[in-house]
Peer 1: 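Okay, here's the structure, questions in a sec.
Everything quoted here is computed from the prediction, not taken from an experiment.
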Amino acid sequence: MKEFELEPGEHVVKQVRKHWFLFVAELLPYAILAVIPFALPKFLVFAPPLAPYAAFFDYQLSTNALAHALLGVWLLMIWTVAWGAFTRYFLNAWVLTNKRITTIKQRRFFYREVSSLLLPRVQDVTTNVAGILSSLLGIGDIKVQSAGAEIEFMMRGIPRPEQMRDIILKYVSGEPKTTNI
Amino acid sequence: MLDQPLQPFSFPSINFFSYLPGDLSAGLFTTWLLYAVFAFWAIYTLIAIYHWLKYSHASWIAFPAIAMHLFVSFALMSYTLSSNAPFATPYLS
């Protein structure tokens, strides 16, 4: 880890990211935008004034290089921005070591927050799984409060929050011999 | 589907390019649009790769993710420029 140096005797216990389902849900708008050019000819025929343009967007029939170029540009833009979303998803992480919890927030490019909370200062760990889908997929939040009360760590949308809470509490009460992870 | 026999496609008589200034042709517009999009792509990709290499903590996912992005992007660029990309065409037509 370059953003925080591990102390002697410190090791990473677990690193978690937002649940994959939330990431897929985040990609849904991009998928819809990508499908729009292919759906246009089917919708335009229902609007008589615009019907002549339907052939322009019918990429199977159209030999117009401009139509294909605009489609390629549209898909390239969407792909690039969606890949940026994946980059941000991957660079957001919570890292639990045997001595502290570190949260890394990549809000956008060139906007990164890294903060740590020492485990001896942890006073309360709360999990919250709300909703049918979250219960079925095991998605939830964890709130970690410190003794000082001014620091509160919130991990939103992580997989199996109960398991993460148990691991945190094991390390808060003293490093366990095995974690069965 | 159209119920008429297939005809060579011609751009509708009332089209977007008829509203462009007289000295700005469709070809010139398309050229500059492509320049702008490719410039945006290049800057965005460089910034994202910088973040991957600096902050992914040497994760094994970094290089496959970058490689996949470049592969898909070049396939789409090829399709954009030639209307015929070996990897993209089967999925786009």
Peer 1: Please say yes or no: joined through hydrophobic side-chain contacts below 4.5 Å, possibly via intermediate residues, are B/Ile66 and B/Ile47 part of one cluster?
Peer 2: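 Per the 4.5 Å side-chain linkage, B/Ile66 and B/Ile47 are co-clustered.
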
Peer 1: Is the centre of the A/Phe109 ring less than 6.0 Å from the centre of the B/Tyr50 ring?
Peer 2: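 No: the rings miss the under 6.0 Å criterion.
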
Peer 1: Tell me, side chain or backbone of A/Leu91 under 4.5 Å from chain B's heavy atoms, or both, or neither?
Peer 2: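 Side chain only.
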
Peer 1: When rounded to the nearest 0.5 angstrom, what is the spacing between CD1 in B/Ile61 and CZ in A/Phe90?
Peer 2: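 So the gap between those two atoms works out to 4.0 Å.
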
Peer 1: Quick one: of A/Trp74, A/Phe86, A/Trp79, who has the most non-hydrogen atom pairs under 4.5 Å with chain B?
Peer 2: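 Ranked by heavy-atom pairs under 4.5 Å with chain B, first place is A/Trp79.
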
Peer 1: Keeping A/Trp83 on the side-chain end and B/Ala65 on the backbone end, is there a donor-acceptor pair under 3.5 Å?
Peer 2: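 Judged by distance alone, yes, a pair lies under 3.5 Å.
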
Peer 1: When rounded to the nearest 0.5 angstrom, what is the spacing between OH in B/Tyr55 and CD in A/Gln106?
Peer 2: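 Here the interatomic distance stands at 7.0 Å.
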
Peer 1: Same hydrophobic cluster for B/Tyr79 and A/Phe38, using side-chain heavy-atom links shorter than 4.5 Å among ILVMFWY?
Peer 2: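 Yes.
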
Peer 1: Against chain A, work out which of B/Val72, B/Thr45, B/Val37 has the most heavy-atom pairs shorter than 4.5 Å and name it.
Peer 2: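 Answer, by heavy-atom pair count under 4.5 Å with chain A: B/Val72.
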
Peer 1: Do A/Val125 and A/Val129 belong to the same hydrophobic cluster, where Ile, Leu, Val, Met, Phe, Trp and Tyr are linked whenever their side-chain heavy atoms lie under 4.5 Å apart, directly or via other members?
Peer 2: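 Each belongs to a different hydrophobic cluster.
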
Peer 1: Is B/Leu70 in contact with chain A via its backbone, its side chain, both, or neither, using a 4.5 Å heavy-atom distance?
Peer 2: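 Neither part; nothing is under 4.5 Å.
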
Peer 1: Please indicate whether A/Leu133 has more than 12 foreign heavy atoms, meaning atoms of other residues, nucleotides or ligands, lying under 6.0 Å from its CG.
Peer 2: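 Atom CG in A/Leu133 is packed in, count exceeds 12.
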
Peer 1: At a heavy-atom distance under 4.5 Å, which candidate from B/Trp41, B/Tyr44, B/Phe40 has the highest pair count against chain A?
Peer 2: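 Most pairs with chain A among the choices: B/Tyr44.
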
Peer 1: Which one of A/Thr80, A/Ile78, A/Leu76 satisfies the side chain to side chain contact (heavy atoms under 4.5 Å, CB included) criterion with B/Leu76?
Peer 2: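 Of the listed residues A/Thr80, A/Ile78, A/Leu76, the side chain to side chain contact (heavy atoms under 4.5 Å, CB included) partner of B/Leu76 is A/Leu76.
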
Peer 1: Is it true that atom CZ of A/Arg156 has more than 12 heavy atoms of other residues, nucleotides or ligands lying nearer than 6.0 Å?
Peer 2: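 Counting other residues, nucleotides and ligands, CZ of A/Arg156 stays at 12 neighbours or fewer.
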
Peer 1: At a heavy-atom distance under 4.5 Å, which candidate from A/Ala93, A/Ala82, A/Ala69 has the highest pair count against chain B?
Peer 2: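 Heavy-atom pairs under 4.5 Å are most numerous for A/Ala69.
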
Peer 1: Counting only N and O atoms by type, is there a donor-acceptor contact under 3.5 Å from the side chain of B/His51 to the main-chain atoms of A/Phe110?
Peer 2: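 Judged by distance alone, yes, a pair lies under 3.5 Å.
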
Peer 1: Within this structure, what is the CD1-OG1 distance for the pair B/Ile49 and A/Thr87, rounded to the nearest 0.5 Å?
Peer 2: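 With rounding to 0.5 Å, CD1 (B/Ile49) is 9.0 Å from OG1 (A/Thr87).
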
Peer 1: When you look at CZ of A/Phe21, are more than 12 heavy atoms from neighbouring residues, nucleotides or ligands closer to it than 6.0 Å?
Peer 2: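 For A/Phe21, atom CZ is not crowded (no more than 12 foreign heavy atoms under 6.0 Å).
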
Peer 1: Do you reckon B/Trp60 sits in the same ILVMFWY cluster as B/Trp52, going by side-chain contacts under 4.5 Å, direct or chained?
Peer 2: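 Shared cluster, yes.
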
Peer 1: Mind checking the CG-CG spacing from B/Leu33 to A/Leu70? Nearest 0.5 Å is all I need.
Peer 2: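 So the CG of B/Leu33 and the CG of A/Leu70 are separated by 6.5 Å.
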
Peer 1: Do B/Leu53 and B/Met68 sit in the same hydrophobic cluster, where Ile, Leu, Val, Met, Phe, Trp and Tyr count as joined when their side-chain heavy atoms come under 4.5 Å apart?
Peer 2: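 Yes, it is one cluster - the side chains of B/Leu53 and B/Met68 are joined through contacts under 4.5 Å.
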
